[in-house]
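Note: hydrogens, waters and symmetry copies are ignored here, and every other heavy atom, side chains too, is used.
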Amino acid sequence: DQVKSPPDLWVQPLSADASPAGPARRLTDHAGAASHPVYSPDGRWVAYYRVLGGQRRVWIVPAAGGTPMRFTDDSGAYFHPAWSPDGRRIAYAAERGGESHIWLAAVADGKPAGSAEQVTSGPRADVAPAWSPDASMIAFVAMGSDGSNEAWVVEAGGNHAARAVTHGAEAHRVAWAATRGTLLVSGLWGTGRLGLNAVDIAHGRVTPAGPPGLFGREGGVGEFATTAGGRLLAVVRHAAKGDIWLMRATSGRY
């Protein structure tokens with residue numbers, strides 16, 4: 001049997017119309033699986049989390065290629081890194097003592113630049129942070145003990161007052177839209193099929209933000225990302241595929 005190697009990170013150059021422009025370039029080549037890559041705002045660094053031996057750690061690698069550097073320590077499991085708009089901080093989900101919450105840590109030249117700070121708490125599992133364009137707030141997905149998944153926001157500095165901005169979204173991932181105060185949320189929204197909606201966090205208004213079938217079939221993780229200014233939307237789309245094979249029978253048997 002062919003043994004599959006763990007996933008590594010690759011970079012695909014794109015042309016102005018978002019079509020491939022040349023061959024892909026491998027960015028990481030190490031033991032363990034690399035996941036959830038995110039570019040720094042200046043394009044110099046890529047943060048991601050690495051799964052190895054049942055452990056999850058946030059790492060940073062130069063976008064031009066080079067040696068990856070570990071960003072988080074050994075005191076928990078860390079995943080879903082997100083750069084602040086000025087590139088000076090990284091938000092991530094940290095699981096410590098059986099609870100997952102959002103933390104912030106300063107970064108400089110691809111390395112830690114100070115102590116980490118916890119910004120959410122409570123009887124929830126908080127994951128997938130996303131910074132607002134003005135860096136004043138962080139949105140995240142909160143998984144409640146009752147099985148509900150909702151989009152929440154928390155202030156990024158000073159008073160960390162978190163609050164839910166969706167109800168019944170069955171949220172998967174969040175990202176900020178170009179429109180001020182608008183959050184893009186992928187979720188089931190009571191339909192049983194993944195969809196993308198825009199949420200006005202001040203008034204709670206929900207409007208469709210993507211066409212039906214944006215994420216493909218009903219299964220999936222609702223992963224998506226937007227470029228600066230919201231000009232492009234990238235999604236992970238699931239499609240069911242299969243093959244039909246023909247085998248020659250011997251004496252009418254198979």
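- Arg50 places a side-chain N or O within donor-acceptor distance of the main-chain N or O of Ala31, the cut-off being under 3.5 Å.
- Of the inter-residue distances, the one linking Phe140 atom CZ with Ile138 atom CD1 reads 9.0 Å to the nearest 0.5 angstrom.
- Taking CZ from Phe79 and OG1 from Thr72, the interatomic distance works out to 11.0 Å, rounded to the nearest 0.5 Å.
- At a threshold of 4.5 Å between non-hydrogen side-chain atoms, the residues Val185 and Asn197 do not count as touching.
- Residues Met143 and Tyr49 are members of one and the same hydrophobic cluster, defined by side-chain heavy-atom contacts under 4.5 angstrom among Ile, Leu, Val, Met, Phe, Trp and Tyr.
- Taken together through direct or relayed side-chain contacts under 4.5 Å among Ile, Leu, Val, Met, Phe, Trp and Tyr, Val11 and Leu9 form part of one hydrophobic cluster.
- Side chains of Phe224 and Arg173 form a contact here, defined as non-hydrogen atoms less than 4.5 Å apart.
- Nearest heavy-atom pair across Pro133 and Pro85 is O-CG, 3.6 Å.
- The nearest pair of heavy atoms linking Pro13 to Pro23 is CD-O, 3.4 Å.
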Check your understanding: side-chain contact (heavy atoms from CB on, under 4.5 Å) between Thr182 and Trp176: does it pass, once the steps are laid out?
Key -> CA-CA 6 Å; Thr182 300; Trp176 294 86; over 6 Å; no
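- Looking at Thr28, its side chain never comes within 3.5 Å of a backbone N or O of Asp8 through a donor-acceptor pair.
- Contact annotation: the side chain of Val51 never approaches that of Ser35 to less than 4.5 Å [non-hydrogen atoms, C-beta and beyond].
- Separation of atoms CD (Glu170) and CG (Leu194) is listed at 9.5 Å; rounding is to 0.5 Å.
- Two different hydrophobic clusters hold Val58 and Val119 under the rule that ILVMFWY side chains link at heavy-atom gaps under 4.5 Å.
- Nearest heavy atoms, Gly43 versus Ala63: O-CB, 3.2 Å.
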Review point. How far apart are the C-alpha atoms of Trp83 and Val107, what are their side-chain angles, what is the distance that settles it, and do they pass the side-chain contact (heavy atoms from CB on, under 4.5 Å) test?
Key: CA-CA 9 Å; Trp83 295 86; Val107 57; 3.7 Å; yes
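- Ile90 and Tyr39 fall into different hydrophobic clusters, where Ile, Leu, Val, Met, Phe, Trp and Tyr residues are linked whenever their side-chain heavy atoms come under 4.5 Å apart, directly or through other members.
- Between Trp152 and Thr120, the closest side-chain pair of non-hydrogen atoms is not below 4.5 Å.
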Practice item. Could you walk me through whether Thr166 and Trp189 pass side-chain contact (heavy atoms from CB on, under 4.5 Å), step by step? Key: CA-CA 10 Å; Thr166 64; Trp189 301 97; 4.1 Å; yes
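- Between the side chain of Glu150 and the main chain of Ala169, a donor-acceptor pair closer than 3.5 Å is present.
- Put simply, the side chain of Gln12 gets close to the backbone of Gly22: a donor and an acceptor are under 3.5 Å apart.
- Contact annotation: the side chain of Leu184 approaches that of Thr226 to within less than 4.5 Å [non-hydrogen atoms, C-beta and beyond].
- The heavy-atom pair separating Ser186 from Phe215 by the smallest distance is CB-CZ, 3.7 Å.
- Tyr92 and Phe71 have perpendicular rings, their planes meeting at more than 60° on a 0 to 90° scale where under 30° would count as parallel.
- Taking all atoms of both residues into account, the shortest heavy-atom contact from Ile102 to Ala91 is CG2-CB, 4.4 Å.
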Practice item. Walk me through it: do Asp86 and Trp131 pass the test side-chain contact (heavy atoms from CB on, under 4.5 Å)? Key: CA-CA 11 Å; Asp86 62 6; Trp131 291 82; over 6 Å; no
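- Between Asp126 and Val154, every side-chain heavy-atom pair lies at or beyond the 4.5 Å cut-off.
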**Study point:** Tyr78 vs Arg96, side-chain hydrogen bond (donor to acceptor under 3.5 Å, both in side chains): CA-CA, chis, key distance, verdict
**Key:** CA-CA 9 Å; Tyr78 307 92; Arg96 296 183 175 185; 2.9 Å; yes
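- Using a 4.5 Å heavy-atom cutoff, the side chains of Arg26 and Trp10 are in contact.
- Across all non-hydrogen atoms, the minimal contact from Ser121 to Arg124 is O-NH2, 2.9 Å.
- Considering NE2 of His172 and CD of Glu223, their distance stands at 10.5 Å, rounded to 0.5 Å.
- Put simply, CG on Asp109 and CE on Met69 are 8.0 Å apart, with the number rounded to the nearest 0.5 Å.
- Linking Ile, Leu, Val, Met, Phe, Trp and Tyr residues whenever their side-chain heavy atoms come within less than 4.5 Å leaves Trp45 and Val61 in two separate clusters.
- Summarising the geometry, atom CG belonging to Leu196 is positioned 9.5 Å from atom OG1 belonging to Thr207; distances are rounded to the nearest 0.5 Å.
- Using a 4.5 Å heavy-atom cutoff, the side chains of Leu52 and Arg57 are not in contact.
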